[in-house]
2 protein chains.
Amino acid sequence: MSSSCSHAPVAVTASQEYTAKAWAVLKQRGLRQTEPRKQIIDALAELLGPTSAYDLRDMLLERHKKADIVTIYRVLECLEANGLVHRLLTRPGGVVRCQLPSEDECHHAESSHHCHHVLVCQCCNGVQELHCPGVGPLIAYAEKESGYTVQTHYLEFAGLCPQCSTL
Amino acid sequence: MSSSCSHAPVAVTASQEYTAKAWAVLKQRGLRQTEPRKQIIDALAELLGPTSAYDLRDMLLERHKKADIVTIYRVLECLEANGLVHRLLTRPGGVVRCQLPSEDECHHAESSHHCHHVLVCQCCNGVQELHCPGVGPLIAYAEKESGYTVQTHYLEFAGLCPQCSTL
DNA sequence: ATCATTGCAAACCGTTTGCAGCCTT
DNA sequence: AAGGCTGCAAACGGTTTGCAATGAT
């Protein structure tokens, strides 16, 4: 899951925005502010691309902060349940922190999970989130064609980000 | 992976079509006609919904045909490599036999893997495959919006099939 | 003081690898 | 006869569970 070619860390402001939002959400749900959660949220905030539980453990170790792998799994589970990380379909165990506003804030009802989709760069492992207005009609088409009632859809793109495209 | 509510087996003709096609493909590639392959292909042919390696092993056991789990993995790998089964994104380890013509036969270049997508019924585990002409524009939109070059996309629908919708 | 959360150990599950022997071609 | 394919054993990696100890509120 670790990126092969380097990927610039997020601008400080965006990073701070994420941690602030994360703590706001957790606090609102009565969840406690613990050291492992702090370390993991901070790590996610600095990362643009996908990570995994073991990646995060290694990141923390580099900072001389140790967290048990089990705890990391549980924290990620908690963050996912609160809309603070995505799980990637195409990379088992892969997670990305959510960059776009959560579904509380935006009201595209397209997806039962998050109303946006993910582009992953095959080269630098960067991730970009995207609202896809075209998905609605696509679902309508699928329903008409198949007779199914579509409850959820999973859509993920893989390719090259603008920087890596030019290499 | 085993279906909860019953799902009618495929019509005999469709089932025979699949086995015939499978053997044709395998023979063409110089692959051998072995007992485990026969059992697995037959099992897949009778199944409409998704299965897994262990599901297949159990199916074979019920028919008093034993195949090692490792062999089943290897046969599935082989069938996938030859376009005879899909792997499901949303159900790790899940596979479905391909119902639609393979990409040799149709020429939608939309997906690097298969040019069709999958609808899974959450209730009966049935699966339907679908061509999605709308995906092209969606990719174009994603590329324009993000600056990415999209190489592959993954799209899967989950919902209720026509029968289960009315329950 | 209470109860959520952590850490450790161990189980668990699906999947993969190495290798000897078998069976299709 | 040759070598693709199978079966067995064992390793593997990621994920989960149980339980006692810790620590946030």
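All values reported here derive from a predicted model rather than from experimental measurement. Scope of the values below: all heavy atoms of this structure, side chains included, with no hydrogens, waters or symmetry mates. Within every chain, numbering begins at 1; the chains are lettered A, B, ... in the order of the sequence lines, protein sequences first and strands thereafter.
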Q: Would you mind telling me which residue lines up with the more 5' stretch of DNA chain D, B/Pro36 or B/Arg32, judged by nearest nucleotide?
A: B/Arg32

Q: Between B/Arg87 and B/Val95, is there a donor-acceptor pair closer than 3.5 Å when you use the side chain of the first and the backbone of the second?
A: no

Q: What I want to check is whether an N or O donor and acceptor connect the side chain of B/Arg37 with the base of D/dG4 at under 3.5 Å.
A: no

Q: Would you kindly give the CG-to-C1' distance between A/Leu79 and C/dT5, to the nearest whole Å?
A: 14 Å

Q: Is there a donor and acceptor pair closer than 3.5 Å between the side chain of B/Arg74 and the base of D/dG4?
A: no

Q: A/Ile40 and side chain to side chain contact (heavy atoms under 4.5 Å, CB included): which single residue from A/Thr34, A/Leu56, A/Thr51 fits?
A: A/Leu56

Q: When the ring planes of A/His153 and A/His117 are compared, do they come out parallel, tilted or perpendicular, using 30° and 60° as the limits?
A: tilted

Q: Can you check the B/Asp68 CG to C/dG21 C1' distance for me, whole Å?
A: 14 Å

Q: For the pair made of NZ in A/Lys66 and C1' in C/dT6, what is the distance, rounded to whole Å?
A: 12 Å

Q: Starting from C1' on D/dG7, measure out to OH on B/Tyr73 and report it in whole angstrom.
A: 16 Å

Q: So B/Glu35, base contact, sugar-phosphate only, or nothing? Heavy-atom distance under 4.0 Å.
A: nothing

Q: Which part of the nucleic acid does A/Ile69 contact within heavy-atom distance under 4.0 Å: base, sugar-phosphate only, or nothing?
A: nothing

Q: Please report the distance, rounded to the nearest Å, between CH2 in B/Trp23 and C1' in C/dT24.
A: 11 Å

Q: Checking A/Ser146 side chain against A/Ala142 main chain: does a donor-acceptor pair fall under 3.5 Å?
A: yes

Q: OP1 or OP2 of C/dA4 versus the side-chain N and O atoms of A/Thr34: is any pair under 4.0 Å?
A: no

Q: Tell me whether A/Arg37 is salt-bridged to A/Glu77, with the criterion being a basic N under 4.0 Å from an acidic carboxylate O.
A: no

Q: Hey, which of these two, A/Val70 or A/Val75, hits DNA chain C nearer its 5' end, going by closest nucleotide?
A: A/Val75

Q: Taking CZ from A/Arg57 and P from C/dC8, how many angstroms apart are they, rounded to a whole number?
A: 12 Å

Q: Round to the nearest Å and state the distance from A/Ile72 atom CD1 to C/dG7 atom P.
A: 9 Å

Q: For C/dG7, take OP1 and OP2 only and decide whether either is under 4.0 Å from a side-chain N or O of A/Thr71.
A: yes

Q: Return the value, rounded to whole Å, for the distance between atom NZ of A/Lys27 and atom P of D/dT25.
A: 7 Å

